[in-house]
Protein chains: 2
Amino acid sequence: MRTAALELFAERGFHGTGIRDLAQRAGLSTATLYHYMGTKEDLLAEIMRDSMRLLLLAAGQTGTFGTPTERIARLTQIHVLAHAARPLHTRVADDEIRALSAPVRAEITALRDEYEDFWQSAIDDGVTSGEFRVAAPTVARLALLEMCSGVARWYRPDGPLTASELAARYVEMALGLLTVDGAAPALDPGAADDMNELVSELWPL
Amino acid sequence: MRTAALELFAERGFHGTGIRDLAQRAGLSTATLYHYMGTKEDLLAEIMRDSMRLLLLAAGQTGTFGTPTERIARLTQIHVLAHAARPLHTRVADDEIRALSAPVRAEITALRDEYEDFWQSAIDDGVTSGEFRVAAPTVARLALLEMCSGVARWYRPDGPLTASELAARYVEMALGLLTVDGAAPALDPGAADDMNELVSELWPL
DNA sequence: CGCACCCGATCGATCGGTCGATCGGGTACC
DNA sequence: GGTACCCGATCGACCGATCGATCGGGTGCG
């Protein structure tokens with residue numbers, strides 16, 4: 001039943017999944033479903049709690065020692081491996097927060113914030129120590145997490161890369177992202193302004 | 001009415017938004033709503049079509065000339081600026097593809113694939129020319145796009161960064177990500193294996 | 001009049017969730 | 001051994017509410 005909910009929530013979204021869909025996938029009647037579970041939201045909340053708690057546990061065991069470079073490398077590897085190993089869990093956890101009622105959402109958000117703190121402090125420490133050169137550390141955290149979480153949306157185990165290889169590539173990219181060579185801007189200010197102008201034409205305020 | 005649909009789809013998702021929600025937000029009755037629009041799905045499809053077409057148009061004007069570095073810089077800037085300027089459009093376009101029926105989904109997916117080709121060919125050209133050093137170009141494209149699209153989920157115009165500043169930071173990070181210094185692995189193979197072991201304990205197959 | 005605009009009322013279908021009833025396998029007492 | 005009792009598991013039927021969508025009938029302006 002948990003499996004059915006996981007698959008359907010990931011595939012169609014929480015609001016796109018009816019309890020009759022759940023019952024059919026589990027091979028039960030809707031009444032029997034309610035013998036085992038609470039509400040539909042409870043089902044979603046459990047999935048998200050489990051997902052976040054495991055990630056937080058792993059981050060706590062690997063994100064607190066060593067150099068900032070090592071910490072980011074380990075956090076990235078864990079995050080990518082987890083998203084590759086459990087794409088359904090992580091996709092639901094990343095996409096369906098808005099479907100939760102306010103109290104549960106607050107609980108899950110608190111877990112997520114705690115997890116992201118591991119990343120932020122590793123980035124900040126790296127900037128302080130000079131290992132990282134990045135102009136906006138908070139933006140870097142958001143960009144990194146978004147990029148790593150995306151794995152769950154497209155990774156397939158039968159593709160050209162194993163999960164370990166994929167994680168290694170992400171570690172390389174994450175560290176490259178954090179050690180920006182700011183010597184020469186890629187676009188001169190004039191070209192950048194041209195882009196701004198094009199955008200304000202296409203997407204007028 | 002378009003505005004109402006845009007706001008509500010972005011806020012609650014397609015399946016989480018009812019016709020009566022749309023009518024109330026637009027200050028109309030549900031019947032009047034149907035005087036102007038087709039089905040609810042048509043509304044979603046229009047939002048996604050507009051969003052993708054503009055992005056594709058912008059990419060066509062900026063992603064085809066210059067060095068790979070310049071092309072990626074311009075694509076990144078356009079993408080980030082668009083997502084910062086129209087977060088609702090882009091969030092809906094990124095998150096609600098699965099809510100579309102098969103034919104419309106195929107159409108939107110084709111547009112998206114065409115757009116992503118601008119990115120992929122710029123990355124591939126840069127790898128060929130030696131400007132970029134990245135072990136898995138396809139993965140790099142996915143990572144870059146996911147990271148840039150994330151902007152729509154959290155950027156607020158009244159925050160510490162203007163949209164132009166944000167785009168400049170993203171250009172730096174994107175180019176850093178694509179020019180990985182592969183000299184020394186951040187984690188020795190033993191440490192990487194420890195991570196793999198931890199993950200297989202926490203997320204058993 | 002004709003047409004664009006707008007509405008209350010209502011449609012059949014489906015929603016999340018509950019109801020009372022039934023079934024089969026213990027288990028405790030005589 | 002028989003039997004009276006209990007209980008978790010399961011079901012079809014059904015609840016009120018809401019879903020997306022439609023209807024016929026207004027208005028008011030050209």
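Every chain is numbered from 1 and lettered A, B, ... according to where its sequence line falls, protein lines coming before strand lines.
B:E107 and B:R49 are joined by a salt bridge, as a carboxylate oxygen and a charged side-chain nitrogen come within less than 4.0 angstrom of each other. Remark: B:R2 engages B:E46 in a salt bridge, criterion side-chain N to carboxylate O under 4.0 Å.
For B:I19 and C:dC11, the CD1 to C1' distance is 15 Å, given to the nearest whole Å. Whole-Å rounding puts the B:R20 CZ to C:dC7 P distance at 15 Å. Rounded to an integer number of Å, the gap from B:D42 CG to D:dG20 P is 14 Å. Between A:Y36 atom OH and D:dC11 atom C1' there is a gap of 12 Å when expressed in whole angstrom units. With rounding to whole Å, B:E41 atom CD is found 18 Å from D:dC19 atom P. The nearest whole Å value for the distance from the CZ atom in A:F14 to the P atom in C:dC15 is 13 Å. Rounded to whole Å, the distance from CG on B:L33 to P on D:dA21 is 10 Å. Rounded to whole Å, atom C1' of C:dG17 lies 12 Å from atom NZ of A:K40.
Looking at the side chain of A:A31, the nearest of the listed nucleotides C:dG8, C:dT10, C:dT18 is C:dT18.
In this structure, a donor-acceptor pair under 3.5 Å is present between the side chains of A:S101 and A:E41. Residues B:H83 and B:Y170 have side chains that never bring a donor and an acceptor to within less than 3.5 angstrom of each other.
Summarising the local packing, CD of B:Q24 is surrounded by 12 or fewer heavy atoms from other residues, nucleotides or ligands at distances under 6.0 Å.
At C:dC6, none of the side-chain N or O atoms of B:H35 fall inside 4.0 Å of OP1 or OP2 (strictly under the cut-off). Using a 4.0 Å cut-off, no side-chain N or O of A:T32 falls inside it from OP1 or OP2 of D:dA9. Within the structure, every side-chain polar atom (N or O) of A:Y34 is placed at least 4.0 Å from both OP1 and OP2 of C:dT18.
In terms of position on DNA chain C, the residue among A:D21 and A:T30 whose nearest nucleotide sits closer to the 5' end is A:D21.
Backbone-only contact: A:T39 has heavy atoms under 4.0 Å from sugar-phosphate atoms and none from a base.
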